[in-house]
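Just so it is clear, the model here is predicted, and its values are computed rather than measured. Below, chain A is the first sequence line, B the second, and so on; all start at residue 1.
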There are 2 protein chains.
Amino acid sequence: MKWSDLSDNWCPVARTLSIVGDRWTLLILRDCFLGMSRFEQFIESSGMTRHILADRLKRLVESGILERKAYSTSPKRYDYVLTDKGQELAPALLTLRDWGKKHMPVRRATSA
Amino acid sequence: MKWSDLSDNWCPVARTLSIVGDRWTLLILRDCFLGMSRFEQFIESSGMTRHILADRLKRLVESGILERKAYSTSPKRYDYVLTDKGQELAPALLTLRDWGKKHMPVRRATSA
DNA sequence: TGCCATAGTTCCAAAACGAAACTTACCTTG
DNA sequence: CAAGGTAAGTTTCGTTTTGGAACTATGGCA
């Protein structure tokens with residue numbers, strides 16, 4: 001079965017994961033909750049590659065979790081900001097954070 | 001950056017996602033919370049392929065989220081059951097479920 | 001002996017990914 | 001005005017991961 005088929009699954013967990021349940025997407029959203037909104041910020045913060053980020057941002061905008069707002073028209077530049085729908089993923093990020101704090105202690109520090 | 005490097009990231013969300021933040025893993029855990037514990041049950045419920053499931057189960061056991069308990073010795077057979085550490089992911093699954101219920105309505109029904 | 005069930009494992013082609021270079025469009029500085 | 005810098009992607013290419021299906025192993029049952 002293809003992962004994308006999950007968007008119409010009977011289970012709401014599966015439907016949610018069809019959007020945010022891949023590598024990187026929740027990390028982008030974490031950065032959004034930390035106040036980031038621009039392509040280069042996400043790149044620097046997460047360490048993901050540029051074309052993967054571009055792909056994920058497109059999907060997030062298509063699914064109504066992020067909104068693409070122009071902040072410059074001369075060279076076209078955009079902010080990616082959480083919609084209300086996106087904001088409501090905060091509890092999910094918080095529970096994942098709490099679990100990580102408790103069950104995933106840091107062994108060595110990393111810069112990224 | 002490799003995904004596996006996230007396990008030592010400064011951010012607890014990233015560290016959590018280094019274990020459960022890929023496709024399928026959270027779906028397996030959902031099934032565990034629904035009471036499933038066997039290979040064929042996970043296969044039938046989630047629709048993932050057999051060798052991906054085998055890989056994910058191995059990782060989950062290695063990371064202490066599931067425990068592999070023999071329920072038959074003659075042909076060696078195992079139950080995969082949540083550890084305490086795994087049980088504590090329940091809040092995360094519940095928030096993802098709630099978000100899905102609210103923001104991901106079902107378009108067409110699917111069997112899986 | 002032959003068929004069924006459970007739990008994997010192996011093989012191959014297709015899709016996704018990581019790294020790095022390239023592109024576009026403007027701005028600044030010499 | 002040419003050179004270099006910034007922001008936001010896009011392209012290319014080689015490696016990994018995935019999906020699908022077949023195959024294996026072990027034992028039960030008729």
A.B. asks: On the ring face of B:Tyr71, is B:Arg38 found with NZ or CZ under 6.0 Å from the centre and within 45° of the axis?
C.D. replies: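 Verdict for B:Tyr71: a cation-pi partner in B:Arg38.
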A.B. asks: Which residues pass the side-chain contact (heavy atoms from CB on, under 4.5 Å) test with B:Pro91, not counting sequence neighbours?
C.D. replies: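 B:Pro91: side-chain contact (heavy atoms from CB on, under 4.5 Å) contacts with A:Thr95.
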A.B. asks: Reading DNA chain C 5' to 3', which nucleotide is the first, and which the last, to come under 4.0 Å of any heavy atom in chain A?
C.D. replies: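 Contact span on the strand: C:dC17 to C:dC26.
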A.B. asks: Within 45° of the six-membered ring axis of A:Phe33 and under 6.0 Å from that ring's centre, is NZ or CZ of A:Arg97 located there?
C.D. replies: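 That pair does not qualify as a cation-pi contact.
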A.B. asks: Salt-bridged, B:Asp98 to B:Lys102, with N to O below 4.0 Å?
C.D. replies: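 Result for this pair is no, no salt bridge flagged.
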A.B. asks: Take nucleotides 5-20 of chain D nucleotide by nucleotide from the 5' end and write B, S or -, depending on whether a protein heavy atom sits under 4.0 Å from the base, only from the sugar-phosphate, or from neither.
C.D. replies: --BBBBB------SBB
A.B. asks: Is A:Leu94 linked to A:Leu26 within one hydrophobic cluster, defined over Ile, Leu, Val, Met, Phe, Trp and Tyr using a side-chain heavy-atom separation of less than 4.5 Å?
C.D. replies: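 No; tracing contacts between hydrophobic side chains, which count when under 4.5 Å, never links both residues.
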A.B. asks: Using a 6.0 Å cut-off, check whether atom NZ of A:Lys85 has over 12 heavy atoms from anything other than its own residue.
C.D. replies: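 Yes, the 6.0 Å shell around NZ holds more than 12 heavy atoms from other groups.
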A.B. asks: Is it true that B:Glu40 and B:Arg50 have a side-chain N and a carboxylate O under 4.0 angstrom from each other?
C.D. replies: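 Yes, charged N to carboxylate O under 4.0 Å.
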